[in-house]
Visitor: 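The structure that follows is given in the form of structure tokens.
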Amino acid sequence: MKKITIAIDGHSSCGKSTMAKDLAREVGYIYIDSGAMYRCCTLFAMEQGLVNADGTIQADVLERRMQEIQVSFRLNPETGRPDAYLNGKNVEKLIRTMEVSSHVSPVAALPFVRAAMTAQQQAMGREGGIVMDGRDIGTAVFPDAELKIFVTASDEIRAQRRYDELVAKGETCDFQQILENLRERDHIDSTRSVAPLRQAEDALVLDNSHMTIPEQKQWLLERFKERTLSPASPLQGKE
Ligand code: DC
């Protein structure tokens with residue numbers, strides 16, 4: 001059976017990575033978290049002192065040093081999911097901190113950062129058999145993807161999920177701060193000039209505000225089966 005390309009886009013913390021990872025594992029596809037790649041660029045900028053005290057980025061220096069950023073993914077046998085590596089170092093935990101979250105959107109808005117990451121993402125998906133999640137996968141990275149999903153949920157529900165995730169990891173955090181960070185990121189991601197977050201015209205919309213993880217998983221698996229078993233049949237989105 002031909003392996004297809006699956007693009008899953010949506011707002012911050014809407015659970016798309018969980019869905020995407022689970023589907024990839026279930027059907028034996030590669031999973032790529034494109035947000036992790038932008039987070040790695042941000043971590044690099046922070047570690048190299050290229051983020052100013054006021055949060056602005058020293059873009060000219062970062063642009064000159066982009067070729068020093070090598071992002072890769074390796075399967076973590078304990079979690080069964082891929083961890084992100086920056087220049088050979090496992091940074092999976094480091095890139096998920098609030099500090100990285102609060103600087104990532106301006107870094108991801110820089111055109112030269114997007115150009116570099118998009119090229120790497122397209123190379124990773126050249127053979128198909130990939131599930132990639134992000135903001136511009138169905139619109140800019142894989143506009144010809146056979147299956148495109150756009151996931152969303154209410155701001156409060158997304159903030160609560162993120163809060164629970166951080167608390168489970170033992171991080172101290174503030175719900176209000178998370179909500180504000182999430183809204184700010186959505187705003188920057190949706191209004192930037194290059195590849196803004198938007199729903200592809202041919203994407204199926206999933207509002208998972210009131211769905212459990214197993215329900216979402218099932219919904220996605222059904223869409224996958226429809227697409228791979230009878231590619232010509234129309235797909236039905238959840239209203
Ligand atoms: O999915 P995430 O929250 O880990 O993404 C981190 C940031 O990266 C987010 O603010 C938007 C940006 N991003 C992007 O611009 N394009 C993508 N394809 C994926 C993420």
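Atoms considered below: every heavy atom in the structure, side chains included; atoms not considered: hydrogens, waters and symmetry mates. Each ligand, and each atom within it, is numbered from 1 in the order the structure gives.
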Visitor: If you have a sec, work out which protein heavy atom is nearest atom 8 (O) of ligand 1 and how many Å separate them, to one decimal?
Guide: Y38 CB, 3.7 Å
Visitor: For atom 16 (N) of ligand 1, what is the nearest protein heavy atom, given as residue, atom name and distance?
Guide: R114 NH2, 2.9 Å
Visitor: Given S105, G10, G35, A140, which one has a non-hydrogen atom that is nearest to atom 20 (C) of ligand 1?
Guide: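 It is G35 whose heavy atom sits nearest to atom 20 (C) of ligand 1.
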Visitor: Give me the nearest non-hydrogen protein atom to atom 2 (P) of ligand 1 as residue plus atom name, then the distance to 0.1 Å.
Guide: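 That would be R135 NH2, 3.5 Å.
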Visitor: Tell me, which protein residue and heavy-atom name are nearest atom 18 (N) of ligand 1, and how many Å apart are they?
Guide: D136 OD1, 2.8 Å
Visitor: Would you mind listing which atoms of ligand 1 come within a distance below 4.0 Å of any non-hydrogen atom of I137?
Guide: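 Within the 4.0 Å cut-off of I137, ligand 1 contributes 18 (N).
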Visitor: Evaluate the salt bridge (charged side-chain N to carboxylate O under 4.0 Å, His left out) criterion for residues E226 and R223: first the C-alpha distance (whole Å), next the side-chain angles of each, then the deciding distance (0.1 Å), finally the verdict.
Guide: CA-CA 5 Å; E226 282 171 4; R223 304 291 80 74; 2.9 Å; yes
Visitor: Who's the nearest protein heavy-atom neighbour of atom 12 (C) of ligand 1, and how far?
Guide: A108 CB, 3.7 Å
Visitor: So, E171 and R96, do they make that salt bridge, N to O below 4.0 Å?
Guide: no
Visitor: Nearest to atom 3 (O) of ligand 1, what protein heavy atom do you find, and at what distance?
Guide: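 Looking at atom 3 (O) of ligand 1, the protein heavy atom closest to it is R185 NH1, 2.8 Å.
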Visitor: I'd like to know whether E165 forms a salt bridge (charged side-chain N to carboxylate O under 4.0 Å, His left out) with R161, so could you lay out the CA-CA distance, the side-chain angles of the two residues, the decisive distance to 0.1 Å, and finally the verdict.
Guide: CA-CA 6 Å; E165 209 175 275; R161 288 176 182 163; over 6 Å; no
Visitor: Please report which non-hydrogen protein atom sits nearest to atom 4 (O) of ligand 1, along with the residue it belongs to and the distance in Å to one decimal place.
Guide: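 Ranked first by proximity to atom 4 (O) of ligand 1 is R39 NE, 2.7 Å.
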Visitor: Answer yes if the side chains of S101 and R39 hold a donor-acceptor pair under 3.5 Å, and no otherwise.
Guide: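 Per modelled atom types, S101 and R39 side chains form a pair under 3.5 Å.
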Visitor: Is it true that a side-chain atom of D207 and a backbone atom of S209 form a donor plus acceptor pair closer than 3.5 Å?
Guide: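 Yes; judged by distance alone, with no hydrogens or angles, the pair exists.
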Visitor: Cation-pi check for Y85 against R74: NZ or CZ below 6.0 Å from the six-membered ring centre and within 45 degrees of the axis, yes or no?
Guide: yes
Visitor: To which protein heavy atom is atom 15 (O) of ligand 1 closest, and what is the distance rounded to 0.1 Å?
Guide: R192 NH1, 2.6 Å
Visitor: For H11 together with F150, are the ring centres under 6.0 Å from each other?
Guide: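 Yes.
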